[in-house]
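Everything below concerns the one structure shown next.
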Amino acid sequence: MQEISSALKQAAKSVYETDIEPEISRPEAKFGDFSSNIALKLAAQLKKPPREIAQALANALSQNPNLAKVELAGPGFINFWLTDKVLAESAQAATRPAQALAGQEILVEFGDPNPFKEMHIGHLYSYIVGDAIARLLESAGASVRRLSYHGDVGLHVAKTIWALKQASGAAEFQLADGLAADTMIGNYYAKGAEAYEQSPSAKDEITKINHLIYSGQDPDIKNIYEQGRELSFKAFDNILKLLDISNDRRYLESQTAEVGKEMVQKNIGPVFEESDGAVIYPGEKAGLHTRVFITSQGLPTYEAKDLGLTSLKDKDYPGARRSLIITASEQSEYFKVMLAALAEINRSLAEKTTHLAHGFLSLSTGKMSSRTGNVYSATNLLAKVKERVYAQYPDSAQKDEIYLGAVKYGLLRHHLGSDIVYDVEESVAVEGNSGPYLQYAHARACSILAKASELPAEPAAIESYEPPERLLARKISEFPEVVAGATAELAPNQICNYLYELAQSFNKFYETSRIIGDPRAGLRLKLVESYSQVLAGGLKLLGISAPERM
RNA sequence: GCGCGUGUAGCUCAGCUGGAUAGAGCGUCGGCUUGCGGAGCCGAAGGUCGUAGGUUCAAAUCCUGCCACGCGUACCA
């Protein structure tokens, strides 16, 4: 691809004395392996018919030994066919990802559930998509630091602690294990939140607890708080371990408050303004919202704290080239304001920081009500899918890989910005575009390879492909480009699309091409091998396992 | 009101840095199996790409207006 591009560039230069960066694309199979619209682009500039230009450029490339055929088509496209030999080589090499980000340190913040509350499905989505993006960056050679940020202060904490005090204190936490710990915390929060709404006396007590948490004066509260926070994080760890998602460092809101407040106060005048006793950033001057950074009571808001967080990250990772923050899209506007303020304080830090918004996740059945904290929890969703998969695969040793793959793929296959309506049945359906479908596709290929390995090796020296073989080889060879594109655009769903198409290509090939025992077994086995490696590699980028049987 | 996002087949979604006849899954209808895992393959029906304009050789894709839905809009996070 690179080679065709530079050859075209050369040709344009020598024939027409013009500099242009040719666009090469992957057209439908009938239009060749690669295609360029360069002649159409040049037509206006050179004031010549596009087909004439295309013909001249095609002639210049027709002698290239790696190309089997160069043709004109349509209004002036140039279509290229690789020789089967070159195609075979590129399919073989497809499993090696390009190291475009080698040596770069990149920070990725995602997940961000709050302790003293249950992790809900929005956090689950954020974790899964953030992890996939981190994996993409890692595959390109980057050193990724997975970070998260947690609201460990505030009214929600007081509500949970109030409910804990009503029960027997944090001691009960000790009893819960695995995913149950998270559910238990959620239950306490729900009790506290309900009491806060329903009972004036409870509301007073909760407000009082909130102050005591800040002051740290009451040893009993302090004890419950510290234990509760630790156990909350343990509960999150249990979920993350299950999901095979790692987390390098947690930042806490209680750490960022002072740093952020200081940053704001130092910049009152040049950046921030005082208004009605509060300190604000006048975002309206730049078409953004004006937001409060320090309240009239002198407390830093989330805005100020997040400013502090960027500074903490910068101190901890001074060499980081980029810093991504992944959250739900409801925070998009807010982040623009925060980053605009940051740009005025520390331009280079703001420039390397990017906010990435994902859509809202809901379930095709069941509504969420966020009023009482009765949101749909991550553990509920996982349990539901697990139950469904366990019923379908009672004897499989891969039950857990299957249900986790179903959840991850079901979320990741969507475009990042759009809202998702998650359908449990669809996500576990084995026929259709699902995680289990791809896992099955992989297991089937592995089973062929396992059988073949028991037989004597077949020679692979066949010079040319039959059509179904060629289509599969072509699809396999696209993998590195797809990964590069998905990484550049931070779009894991492009990997999903590709893998699904890849599996379809394989199934078509498989339908017509006998492998074991066929005279072409050697060549075909090589294809199956590359295919299963690429499929497994692609699934790995999504954080999905590729079982050899299921 | 203003800002951001979304609007593509009955349903769920790809495609959006302009390119060839707008794709897939589910669902519907029809076909394929004395064989490597049929969880598959082949075919049919199904589309004013929200809408009206504009730019262009070429628009689902870019620009503008309008409509619908979601989110945000100063002391919550």
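Here is how names work: the chains are called A, B, and so on, in the same order as the sequence lines, proteins then strands, and each is numbered from 1.
- Contacts between residues 36-48 of chain A and RNA chain B, counted as heavy-atom distances below 4.0 Å, involve A/Asn37, A/Leu40.
- With distances taken from any side-chain atom of A/Glu431 to the nucleotides B/C13, B/G19, B/G40, the minimum falls on B/G40.
- Spacing of C1' atoms, B/G10 relative to B/G53, comes out at 31 Å, to the nearest Å.
- Among the heavy atoms of the strands lying under 4.0 Å from A/Glu253 are primed sugar atoms or P, OP1, OP2 only; no base atom is included.
- Using atom C1' as the reference point in both B/C57 and B/G47, the two lie 26 Å apart (nearest Å).
- Ring-plane geometry between A/Tyr225 and A/Phe116 is classed as parallel, the angle between the planes falling under 30 degrees on a 0 to 90 degree scale with a further cut at 60.
- Pairing for B/G47 is absent, with no Watson-Crick or G-U wobble pair whose two atom distances lie under 3.5 Å.
- Backbone-only contact: A/His415 has heavy atoms under 4.0 Å from sugar-phosphate atoms and none from a base.
- Using a 4.0 Å heavy-atom distance criterion, A/Ser275 is classed as a base contact.
- Counting any heavy atom pair closer than 4.0 Å across all strands shown, A/Asn493 reaches sugar-phosphate atoms only and no base atom.
- Ring pair A/Phe506/A/Phe509 is tilted by interplanar angle, where 30° to 60° counts as tilted.
- Using a 4.0 Å heavy-atom distance criterion, A/Ser35 is classed as a base contact.
- With distances taken from any side-chain atom of A/Ile448 to the nucleotides B/C75, B/G37, B/A20, the minimum falls on B/G37.
- Between A/Phe110 and A/Tyr127, the ring planes lie perpendicular to each other; the angle is over 60°, past the 30° to 60° tilted range.
- Between the side chains of A/Asn433 and A/Tyr409, at least one donor N or O lies within less than 3.5 Å of an accepting N or O.
- Among the atoms of the strands shown, none is found under 4.0 Å from any heavy atom of A/Tyr498.
- At the phosphate of B/G25, OP1 or OP2 sits under 4.0 Å from a side-chain N or O atom of A/Gln504.
- Side chains of A/Thr353 and A/His355: a donor-acceptor N/O pair is absent below 3.5 angstrom, by distance only.
- The aromatic rings of A/Phe236 and A/His150 sit parallel to each other, their planes meeting at less than 30°, with 60° as the upper class boundary.
- In this structure, the nucleotide among B/C75, B/A77, B/G15 sitting nearest to the side chain of A/Gln331 is B/A77.
- Between B/U56 and B/G18, the distance separating the two C1' atoms is 9 Å to the nearest Å.
- Atom CG in A/Leu455 sits about 14 Å away from atom P in B/C36, given to the nearest Å.
- Put simply, CD1 on A/Ile280 is 10 Å from C1' on B/C75, counting in whole angstrom units.
- Dashed line: the shortest gap from a side-chain N or O of A/Ser418 to OP1 or OP2 of B/A14 is under 4.0 Å.
- At a threshold of 4.0 angstrom between heavy atoms, the contacts of A/His414 are confined to the sugar-phosphate backbone, with no base atom among them.
- Side-chain contact check for A/Asp112 and A/Ser148: no donor-acceptor pair (N or O, by modelled atom type) lies under 3.5 Å.
- One P atom belongs to B/G5, the other to B/C11, and the distance between them is 25 Å to the nearest Å.
- Nucleic acid contact for A/Tyr281: none, since no nucleic acid atom lies under 4.0 Å from a heavy atom of the residue.
- Distance noted for atom C1' between B/G70 and B/G15: 22 Å (whole Å).
- Taking the six-membered ring for Trp, A/Phe360 and A/Tyr125 have ring centres at least 6.0 Å apart.
- Among the atoms of the strands shown, base atoms are found under 4.0 Å from some heavy atom of A/Ser296.
- Nucleotides B/U8 and B/A14 place their P atoms 10 Å apart, quoted to the nearest Å.
- Put simply, CD on A/Glu284 is 14 Å from P on B/C2, counting in whole angstrom units.
- Spacing between atom CZ of A/Phe360 and atom P of B/C69 amounts to 17 Å, rounded to whole angstrom units.
- Atoms CD (A/Glu426) and P (B/G27) sit 10 Å apart, rounded to a whole Å.
- Summarising the geometry, the separation between CG on A/Asn433 and C1' on B/G27 is reported as 16 Å, rounded to the nearest angstrom.
- B/U48 and B/G27 are spaced 23 Å apart, taking the P atom of each and rounding to whole Å.
- A/Arg413 comes within 4.0 angstrom of the backbone, heavy atoms only, and of no base.
- Look at the C1' atom in both B/C13 and B/G65: the space between them is 29 Å, to the nearest Å.
- At the phosphate of B/G37, OP1 or OP2 sits under 4.0 Å from a side-chain N or O atom of A/Ser447.
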